[in-house]
Amino acid sequence: MAPRPLRLSSRRPSRNIHIIIILLILVPVSIIGIFNHGQKISYFFRPLWDRPPEQFERLPHYYAENISMGQLCRLHGWTLRLEPRRVFDGIIFSNELDILEIRWHELLPYVTKFVILEANTTFTGVPKPVFFASNRDRFAFAEEKVVHDVFPSRILRRGSHENPFNLEAEQRGAMNRLLQGAGISEGDLLIMSDTDEIPSPHTVKLLQWCDGVPPVLHLELKHYLYSFEFPVDYSSWRATVHIYNPWTRYRHSRQSNFILSDAGWHCSFCFRYLREFVFKMTAYSHADRVRHRSFLKYSRIQKLICQGDDLFDMLPEEYTFKEIIKKMGSVPRSASAVHLPAYLVENAEKFKFLLPGGCTRSTG
């Protein structure tokens, strides 16, 4: 019998072939999407595997002009001291020169020593200028109170996978020695915060004049992004005040269950020049969030600043889907310049980039 001739089938490809083709298209697209937006995706699903920290015990904060310190102490359940505590303000410094000027002018009447430590590298192990040392003349108004040192940090080789938080922890450890050299002693009030976490002057005055203050107290700060035109919320809690003792260690983490409400301002990425934004984005402990070189383009950064959008295209770091969804999108603008640092308002023209309507930055 002669073999039957081979005939091409006129039937359409099977359903399985359709599925294979779709998968061949979708899988690479999905991989690219996960690569580009993996952090964003993980932040959205964070509530599935992470739980919020234990709630703070919030202490009411009483303040109004022309009320005696004795009355303010009593309202908080504390007692008036015969004399104020000495106050030491300890900060790890990077490049926030404008915010530092505002901070020190605000706290100058109440602080005994401004203790400032800067490193010669970034937290990512890249050599950097010592910005404060190079601009010390700008802070001559506080010179007699300044205790400054440069921390000789480690330079990491290119491609190193060492956690930037290791270098940050080493620098914070060195602050303990600098504080002791500055003359701090048991019973003094120590402020532990980043440069851009500014306690209000009346908060510091209250804590230095009252007895009965918890030995370690977190400060709830109103959080702003890029300037005081973009108020985010009251989520900033890492700043602390301590009644110093020999076991006190300089940290920037949860240290107490007590937090004092509405105790100051936290202005994140509040820089005058676009180059300063780029420096911080590539220098601080979360530099891994710069997933593409395009993130560092001045035109992109400028656009996002004026929109109140996230520089890293990230979702809010929240523990519930409700909070994540509520905070998605741009930070709403505020036209208010009330209840801000007095030195900022007194020098509004100099610091107009921090006030409503001043979002446009120069390259520097």
Side-chain angles (χ1 to χ4, degrees), residues 39 53 88-97 99-100 103-104 111 113-136 139 146-186 188-199 216 218-219 221 236-242 244-256 266 268-269 271 276-290 312 317:
Q39 284 181 309
F88 287 72
D89 180 38
I91 58 171
I92 303 295
F93 184 73
S94 178
N95 68 323
E96 309 94 334
L97 291 167
I99 290 295
L100 182 65
R103 178 192 185 99
W104 280 6
V111 168
K113 292 291 183 183
F114 291 110
V115 184
I116 177 170
L117 180 65
E118 62 180 332
N120 59 356
T121 75
T122 66
F123 288 153
T124 52
V126 178
K128 78 169 187 67
V130 282
F131 290 102
F132 178 80
S134 301
N135 292 272
R136 190 158 182 162
F139 302 92
V146 174
V147 176
H148 167 258
D149 199 9
V150 175
F151 176 65
S153 189
R154 293 182 289 121
I155 297 175
L156 300 182
R157 69 181 186 278
R158 183 182 292 273
S160 171
H161 297 293
E162 182 164 356
N163 192 330
F165 286 99
N166 292 340
L167 271 67
E168 181 176 348
E170 291 171 8
Q171 191 171 348
R172 294 191 186 281
M175 175 60 88
N176 293 309
R177 297 185 291 275
L178 188 58
L179 284 165
Q180 293 169 2
I184 197 168
S185 60
E186 189 166 0
D188 291 336
L189 192 75
L190 170 61
I191 303 169
M192 293 187 194
S193 70
D194 285 350
T195 306
D196 58 8
E197 299 167 336
I198 309 175
V216 181
H218 283 269
L219 302 179
L221 307 179
S236 180
W237 56 267
R238 292 182 180 274
T240 53
V241 290
H242 299 244
Y244 188 82
N245 66 62
W247 298 276
T248 301
R249 293 295 178 267
Y250 194 93
R251 293 162 54 194
H252 196 238
S253 56
R254 179 71 176 258
Q255 303 183 61
S256 169
H266 180 184
S268 296
F269 281 87
F271 295 112
E276 295 176 303
F277 284 86
V278 170
F279 177 84
K280 180 165 182 176
M281 290 171 72
T282 56
Y284 82 143
S285 300
H286 295 290
D288 62 311
R289 294 177 179 177
V290 181
F312 303 98
E317 298 183 63

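What you see is a predicted model, and the numbers here were worked out from it, not measured in a lab. Numbering starts at 1 and runs along the sequence shown.
Going from atom OG of Ser94 over to atom CD1 of Ile99 covers 13.0 Å, rounded to the nearest 0.5 Å. Separating the CG atom in Asn120 from the CZ atom in Phe151 is a distance of 8.5 Å, to the nearest 0.5 Å. In this structure, the separation between CD on Glu96 and CG on Asp194 is 7.5 Å, given to the nearest 0.5 Å. Note: Ser236 OG to His218 NE2 = 11.0 Å, rounded to the nearest 0.5 Å. With rounding to the nearest 0.5 Å, the separation of CG in Leu97 from CG in Asn135 is 5.0 Å. One distance of note links CE of Met175 with NE2 of His252; it measures 11.5 Å at 0.5 Å rounding.
Taking the side chain as every heavy atom from C-beta outward, Lys128 and Thr121 never approach each other to under 4.5 Å. Inter-residue side-chain proximity for Met192 and Gln255 is flagged as met; some heavy-atom pair is nearer than 4.5 Å. With a 4.5 Å cut-off on side-chain heavy atoms, Ile91 and Leu100 count as touching. Residues Asn245 and Trp247 meet the side-chain proximity criterion, which asks for heavy atoms closer than 4.5 Å. At a threshold of 4.5 Å between non-hydrogen side-chain atoms, the residues Phe269 and Met281 count as touching. Ile191 has its side chain within reach of Pro199: a pair of non-hydrogen atoms, C-beta onward, lies under 4.5 Å apart. Under the 4.5 Å side-chain criterion, counting only non-hydrogen atoms from C-beta, Val146 is in contact with Arg136. Side-chain atoms of Glu118 and His148, non-hydrogen and from C-beta on, do get closer than 4.5 Å to each other.
Looking only at atom types and distance, the side chain of Ser253 has no donor-acceptor partner in the side chain of Arg172 under 3.5 Å away.
Between Arg103 and Asp89 there is a salt bridge, with a side-chain nitrogen of the basic residue lying less than 4.0 Å from a carboxylate oxygen of the acidic one.
The shortest heavy-atom contact between Gly90 and Tyr250 is O-OH, 2.7 Å. Scanning both residues, Phe88 and Ala182, for their nearest heavy atoms gives CE2-O, 3.6 Å. Smallest separation of non-hydrogen atoms from Asn176 and Thr248: OD1-O, 4.1 Å. Phe279 approaches Asn95 most closely through the heavy-atom pair CD2-ND2, 3.4 Å. The two residues Lys113 and Val147 have their closest heavy-atom pair at CD-CG2, 4.0 Å. Taking both residues in full, the closest heavy atoms of Val150 and Val130 are given as CG1-CG1, 3.8 Å, listed atom of the first, atom of the second, then distance.
Side-chain atoms of His266 do not come within 3.5 Å of backbone N or O of Leu221 as any donor-acceptor pair. The main-chain N or O of Ser256 is found under 3.5 Å from a side-chain atom of Arg254 such that the two form a donor-acceptor pair.
If you look at Phe93 and Trp104, their ring centroids are not closer than 6.0 Å.
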